[in-house]
There are 2 protein chains.
Amino acid sequence: MYELLRAYLNKITSSTVSDEEFQFFEAAYSEKKVKKKQFLLHEGSICRYMAFIAKGAMRQYTIDDKGVEHIARFGIEEWWMSDRESFTSLTPSRYNIEAIEDCDLLVATNEKLILLREQSPLFVKMGVILDEKSYIASQKRLDVTISYTAEEKVIYMMENHPQFMQRFPQSMLASYLGLTPETLSRVRKQLLQK
Amino acid sequence: MYELLRAYLNKITSSTVSDEEFQFFEAAYSEKKVKKKQFLLHEGSICRYMAFIAKGAMRQYTIDDKGVEHIARFGIEEWWMSDRESFTSLTPSRYNIEAIEDCDLLVATNEKLILLREQSPLFVKMGVILDEKSYIASQKRLDVTISYTAEEKVIYMMENHPQFMQRFPQSMLASYLGLTPETLSRVRKQLLQK
DNA sequence: TCTTCTGCTTGATCTAAATCAAGCTGATTT
DNA sequence: AAATCAGCTTGATTTAGATCAAGCAGAAGA
């Protein structure tokens with residue numbers, strides 16, 4: 001499991017982590033399994049973990065006043081799941097993080113990461129790269145959400161995240177795109193006929 | 001002008017920057033004025049500057065295939081303007097950054113910031129805090145965009161960014177919220193009558 | 001001062017997507 | 001094997017907000 005993290009680290013930082021440096025990662029992260037329909041984080045509690053998905057699929061979502069779920073993000077292999085705000089500032093989270101499939105995770109607490117940040121320059125580098133990536137991704141998603149029609153949204157999803165289309169139920173995909181399940185179903189049908 | 005940056009730095013990092021350390025900032029940043037309707041960045045060119053707004057107001061936007069403008073963000077005093085992606089990876093930007101009022105900026109190039117990052121731990125700390133803030137803000141904006149009605153969006157804007165409501169034209173505020181100017185106008189009227 | 005813009009408002013109409021409502025199919029339970 | 005259930009599809013209807021179109025007021029320029 002740690003080998004997956006190691007390969008990921010090398011890939012994302014375009015470097016090769018030494019055995020010595022990677023030992024700090026092994027000390028910081030521990031293995032955790034979360035079964036389907038179980039939660040890594042519940043709304044109202046503090047997010048204790050920054051989790052690397054070695055295997056499985058998860059979603060992060062809020063529930064609004066009207067009881068409607070809004071999916072903030074999906075995660076599959078090689079993605080990170082956490083509520084950064086809650087995790088670093090130790091405030092109660094408004095998110096839920098739920099396993100959609102049985103998951104194998106590598107998790108670290110905030111204290112461990114503070115230490116790791118001092119021990120490993122590569123960890124710091126990875127952090128900067130990930131922050132940037134996620135910022136750019138959320139800008140792009142905003143753009144899609146604001147300016148695309150239902151059909152364009154679905155096409156965007158199929159082209160950019162085909163893995164998601166296969167692994168998450170339609171109702172969740174719809175919520176992620178800001179559509180109703182009915183609309184998503186109709187749009188897909190239309191697209192298949194083309 | 002540098003004093004504004006200094007005060008901002010102290011505030012955001014909850015620290016007091018020493019004279020010695022702040023000298024590195026003075027070396028990295030230079031003053032730049034951009035007049036109303038002029039551009040700090042044009043679509044297709046590389047974003048050379050990370051700019052701190054000492055005075056004025058700006059907007060960052062894209063133009064889509066249909067010629068419609070989409071506002072990614074607004075900036076006023078104490079905000080940063082840049083296309084992070086273009087700035088760090090030296091790739092052509094898809095954004096325009098335009099002054100809405102005459103602006104006084106403090107700008108730094110990427111090379112200067114790489115140096116500053118080595119010289120000033122406080123600069124690094126600020127970077128981490130800003131990344132986190134902007135990530136959280138864009139998550140929240142996404143949530144608002146996906147799940148709020150036109151009226152709720154306007155209320156959100158009035159409560160959370162009243163400064164924007166006063167300084168930017170309605171047409172731009174509408175674009176920022178993903179509404180048409182007509183709808184924004186109608187919603188405002190309705191809200192005022194309450 | 002007059003006139004041309006530019007931005008905002010208001011009204012009428014239209015439409016994309018939501019909502020409401022059934023029915024279908026395959027999985028899970030008993 | 002029957003029964004319950006969850007997820008998806010399909011159809012009918014409604015609606016929020018877009019689009020189209022006209023008019024108005026203050027700013028900017030001649």
Side-chain angles (χ1 to χ4, degrees), chain A residues 35-38 57 59 61 63-71 74 98-102 142-158 164-194, chain B residues 35-38 57 59 61 63-71 74 98-102 142-158 164-194:
Chain A
K35 286 225 173 283
K36 184 175 174 173
K37 293 193 180 167
Q38 292 195 324
R59 64 165 178 157
Y61 67 96
I63 301 178
D64 71 19
D65 326 331
K66 295 157 201 152
V68 183
E69 292 178 1
H70 298 283
I71 294 183
F74 289 127
E98 183 195 3
I100 303 301
E101 307 170 0
D102 292 353
L142 191 61
D143 219 56
V144 169
T145 305
I146 280 191
S147 51
Y148 285 19
T149 62
E151 184 176 325
E152 287 168 338
K153 286 179 186 177
V154 175
I155 291 173
Y156 175 80
M157 192 71 170
M158 297 203 296
F164 289 172
M165 295 294 287
Q166 279 142 29
R167 292 179 72 170
F168 295 98
Q170 305 261 43
S171 56
M172 289 182 195
L173 293 166
S175 163
Y176 181 85
L177 293 170
L179 302 174
T180 57
E182 292 96 326
T183 298
L184 177 58
S185 170
R186 276 183 255 264
V187 169
R188 293 184 89 212
K189 191 187 171 192
Q190 241 186 304
L191 288 174
L192 287 174
Q193 281 167 357
K194 288 184 181 170
Chain B
K35 287 226 173 281
K36 184 174 172 173
K37 293 194 180 169
Q38 292 194 325
R59 65 164 176 156
Y61 68 97
I63 301 178
D64 70 19
D65 327 329
K66 294 156 202 152
V68 183
E69 291 176 2
H70 298 282
I71 294 183
F74 290 127
E98 182 195 4
I100 303 301
E101 306 170 2
D102 292 353
L142 192 61
D143 218 57
V144 168
T145 305
I146 280 192
S147 50
Y148 285 19
T149 62
E151 183 175 325
E152 287 168 339
K153 286 179 186 176
V154 175
I155 291 172
Y156 176 79
M157 191 73 170
M158 299 205 294
F164 291 171
M165 295 295 285
Q166 278 140 30
R167 292 178 74 171
F168 296 97
Q170 304 260 46
S171 54
M172 289 182 197
L173 293 166
S175 163
Y176 181 85
L177 292 171
L179 303 174
T180 58
E182 292 98 325
T183 299
L184 177 57
S185 171
R186 277 182 254 262
V187 170
R188 293 184 89 212
K189 190 184 171 193
Q190 241 187 306
L191 289 174
L192 288 174
Q193 282 168 358
K194 287 184 182 170

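The model shown is predicted, which means the values in this text are computed figures rather than measured ones. Letters A, B, ... mirror the listed sequences (proteins, then strands); counts begin at 1.
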Once you round it to whole Å, what is the distance between [atom2] of [N] and [atom1] of [X]?
X	N	atom1	atom2	answer
A:Glu152	C:dA16	CD	P	12 Å
B:Phe168	C:dC8	CZ	C1'	18 Å
A:Ile100	D:dA6	CD1	C1'	14 Å
A:Arg167	D:dG7	CZ	C1'	19 Å
B:Arg188	C:dG7	CZ	C1'	12 Å

**Prompt:** Would you say the side-chain atoms of A:Thr145 pair up with the backbone N or O of B:Thr145, donor to acceptor, closer than 3.5 Å?
**Reply:** no

Minimum heavy-atom distance between [X] and [Y], given as atom pair plus value:
X	Y	value
B:Glu152	B:Ser147	OE1-O, 4.1 Å
B:Lys153	B:Val144	CE-O, 4.0 Å
B:Ser175	B:Glu69	OG-O, 3.3 Å

**Message:** Roughly what angle, to 10°, lies between the helix axis at the start of the helix from C:dT1-D:dA30 to C:dT30-D:dA1 and the one at its end, five pairs per end?
**Reply:** 40°

Nearest 0.5 angstrom please: [X] [atom1] to [Y] [atom2], how far?
X	Y	atom1	atom2	value
B:Met165	B:Arg188	CE	CZ	4.5 Å
A:Ile71	A:Glu98	CD1	CD	9.0 Å
A:Leu179	A:Leu173	CG	CG	10.0 Å

**B:His70 and A:Asp143: side chain donor to acceptor below 3.5 Å** =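 B:His70 vs A:Asp143: no donor-acceptor pair found between side chains.
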
**Phosphate contact (D:dT9 OP1 or OP2) by A:Gln170 side-chain N/O below 4.0 Å** = yes

**Asked** How does each nucleotide of nucleotides 11-28 of chain D score, in 5' to 3' order, for protein heavy atoms under 4.0 Å: base (B), sugar-phosphate only (S), or none (-)?
**Response** BB----SSBB--------

